[in-house]
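This one's a predicted model, so the numbers in the text were calculated from it and none came from an experiment. Values below: every heavy atom of this structure, side chains too, minus hydrogens, waters and symmetry copies. Numbered from 1 within each chain, the chains take letters A, B, ... in sequence-line order.
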Amino acid sequence: MDVTTIIDPLNDAQREAVTAPQEPVLVIAGAGSGKTRVLVHRIAWLVEVDGVSPHGIMAVTFTNKAAAEMRGRVEQLLDMPVGNLWVGTFHGLAHRLLRRHAEDAGLPKGFQIIDSQDQQRMLRRLIKSLGLDDTTWAPREMQWFINKQKDEGLRPDHIDTRNDHTRAMQVRIYRSYQEDCDRLGLVDFAELLLRAHELWLKRPEILAHYQRRFRHVLVDEFQDTNSVQYAWLRVLTGDQGILFAVGDDDQSIYRWRGAKVENMFQLKKDFPGIRQIKLEQNYRSTSTILNAANAIINNNSERLGKKLWTEGNEGEPIRLYNAYNERDEAEFIIARIQDWVNQGNLRAEAAILYRSNAQSRVFEEYLFKQQIPYRVYGGLRFFERAEIKDALAYLRLIENRADDTSFERVVNLPTRGIGARTVDVIREYARANSISLWESAFGDAGGQLNARAASATSKFLSLVEELAHATESLPLHEQVDHVIERSGLIPHFKKDHSEQGETRAENLEELVSAAQTFEPDEQDDLPPLAAFLSHAALEAGEGQADKWEDCVQLMTLHSAKGLEFPLVFMAGMEEGLFPHKRSIDDPGGLEEERRLCYVGTTRAMSLLYLSHADQRRMHGTDIFAQASRFLAEIPEEYIEEVRPKIRVRRPVYRRSNAFQETPADGIRLGQHVKHGKFGEGVVLNYEGSGSHARVQVNFEAAGTKWLVMFYANLELM
DNA sequence: TACTATTTAATTTTT
DNA sequence: TTAAATAGTA
């Protein structure tokens, strides 16, 4: 093969990275600077020029999509399949290791992966069974706590609970939860990583084996690694391993789920003399957009320091639109998309980006009204659909009778007379004797079930046994087909003649074809059903179908990372929404919001629209907001403000409504007021008028309260 | 046991 | 506003 095909398409910095000698390298790759290309070409270079076998290379990514793309591009460039190259997500690779060394990792051979939904369900049940109040010990928060500990590599014993009752209880829940998981052979996402890391530490000979094999470890999106992931990589590379890390500290937007940008700094300490290469030439955006993005990110303090530049032209100024409210904003944006399409462009080239999912609603409404096809990213994934999870629950029970989550899910689905009462008894007995629900049900919960419940329960148990038996020797897709029919799921959904029932039945059929087309990874050496179930847990599948239709793209700023569009709208640029109010008070949180803004801005190739609304309906009430501070961080020279057109159908009544909504003369947002009992405060919001008017006041001492104007007797200050 | 009414809380998300 | 979880009723 001709080496020039590997290095010719590269610029100097890219080439330096790709052809670097075999030593640790950190590539700081700005947005749109060709980082995937560098990774792909680096692998090709190692194989073609340095004569490294693909067998000795591991490439780690965060998403399945990125992993698939990387493998595809490497194979295309090398013009040969590289089946023995390990490319995968952290979770996928950890899973593979744990399957291969289940016993050494202290896991049962048939362990199964639970997703975060299952994890939350388990915690909900656990908290109840411990007799704890689920408001104080909210399952969601416990889940967050446990995952955070695991992300930090902490087991219950590692956590100091002295003088902290709350912490002690959290750890107690963590401990019980983990005991349940271990007993039932269930592994959550964070556990995959932690176990894999512990495997290295516990079994040096296994570690040594992989250290010898994977001399080259390449990591994508390095700024998103959490503590365990970093530790895992650090241990794997040891003294001899050659790490090639690619990341961008300015695009670190997952701090809230454990990502540590600091890992990029840590690299320099752990690998003294690491070769650092910056990719600063951007191939995506106009200079106007790029300069604006640079100006925004410059307001952050903790950076590795990098300045993107482009040879591209100046392009159009960034357009700023101050909307009256969120509907006006949506109308404006959709009108611009219409213009864009009328000029002969594709709808798919236009993306509407927003901070939070709830914002998509208005856009959807207007797009639907205008009959413009659109696609919302980040909806329910295929394998997350309720009916799919129902079917998977049956399949999981076939694999592992101890899977309590699955047991609970389908024990009475379709309804077969096993009600909450009966399940309570079974659950109680299981807990008291530390056995699975299946075992508990098998012994009629120690004989506590009445005749009717016992007979219904035993019918369920034999149903699962029958399914297991009947499908034993069938090929995977027939196995699935059999299960969805005979479990009664398909008849159950078909019985419901509503549109929803039909879709659900269709989705189940779709599961059969998913099983049919499923190709297990040859490296993963698992029985077909087990492989399929792992696949379903680790790869939730695409959101919506019809990928090929030309439609407008709607997504959160987070899910836009890594993508690019000729025309980008960033909507809802308002204080409190973006930056979000939950991040605004924490400097670190605010910097992360700013990075998010940087990410959004750098998605745009040629045209960028920013918009904010004076008034926005949130959670049912109208709130007022100021323009985002990020707007003020863009130099004026790059911005052109779009004046609203004078429209014939100006919604005058809305204006007057808003006017009437002022609850009393002199009450404005931000107005300082004094209350007889609560003292001094600031008006945050108000609603209604006349004697019904209510104001929300943030009191210095008493906190935020809603008060009825009529009674409150507020004194203006 | 199954269905309906009420309450509650609401960033960001991949695995 | 609205989705989801829980409480209450037939």
Report which part of the nucleic acid A:Arg124 touches: base, sugar-phosphate, or nothing (heavy-atom distance under 4.0 Å, all strands). sugar-phosphate
With sugar-phosphate meaning primed atoms plus P, OP1 and OP2, does A:Thr61 contact a base, only sugar-phosphate, or nothing at under 4.0 Å between heavy atoms?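 Since no nucleic acid heavy atom lies under 4.0 Å of A:Thr61, the category is nothing.
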Expected string for nucleotides 7-15 of chain B under the B/S/- scheme (protein heavy atoms, under 4.0 Å, primed atoms plus P, OP1, OP2 as sugar-phosphate) is ---BBBBBB
Taking the ring of A:Phe189 and the ring of A:Phe90, is the distance between their centroids below 6.0 Å? no
With a 6.0 Å cut-off on ring centres, are A:Trp256 and A:Tyr254 close enough? yes
With a sphere of 6.0 Å drawn around CZ of A:Arg140, does it hold more than 12 non-hydrogen atoms of other residues, nucleotides or ligands?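 Incorrect, the count does not exceed 12.
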Just wondering, are more than 12 heavy atoms of other shown residues or ligands nearer than 6.0 Å to CD in A:Gln626? no
If B:dT7 has a Watson-Crick or G-U wobble mate with both distances under 3.5 Å, name it; if not, just say none.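 Base-paired to C:dA4.
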Watson-Crick or G-U wobble mate for B:dT12, both contacts under 3.5 Å: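 Pairing partner: none.
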Would you tell me whether A:Gln178 and A:Asp182 have side-chain atoms, one donor and one acceptor, within less than 3.5 Å of each other?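 On atom types as modelled, these side chains qualify, holding a pair under 3.5 Å.
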Checking side-chain polar atoms at under 3.5 Å, does A:Thr61 have a donor or acceptor matched by the opposite partner on A:Asp220? no
What residue among A:Leu233, A:Leu218, A:Leu93 forms side-chain contact (heavy atoms from CB on, under 4.5 Å) with A:Met58?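 Among A:Leu233, A:Leu218, A:Leu93, the one meeting side-chain contact (heavy atoms from CB on, under 4.5 Å) with A:Met58 is A:Leu93.
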According to a strict under-4.0 Å criterion, is A:Arg121 in side-chain N/O contact with OP1 or OP2 of C:dA4?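 The answer is no; no side-chain N or O of A:Arg121 sits under 4.0 Å from OP1 or OP2.
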Check the distance between C:dT2's C1' and A:Glu365's CD and give it to me in whole angstrom. 14 Å
Taking every heavy atom of A:Ala31 against every heavy atom of A:Arg603, the minimum-distance pair comes out as CB-NH2, 3.7 Å
Where do A:Thr89 and A:Phe62 come nearest, in terms of heavy atoms and distance?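 Closest approach of A:Thr89 to A:Phe62, heavy atoms only: CG2-O, 3.7 Å.
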Would you measure the distance from the P atom in B:dT13 across to the matching atom in C:dA4 and give it in whole Å?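 About 16 Å, rounded to a whole number of Å.
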Produce the list of close N/O pairs, under 3.5 Å, pairing protein atoms with atoms of nucleotides 8-10 of chain C; give distances to one decimal.
none

What's the closest nucleotide to the A:Asn412 side chain, out of C:dA3, B:dA2, C:dT6? B:dA2
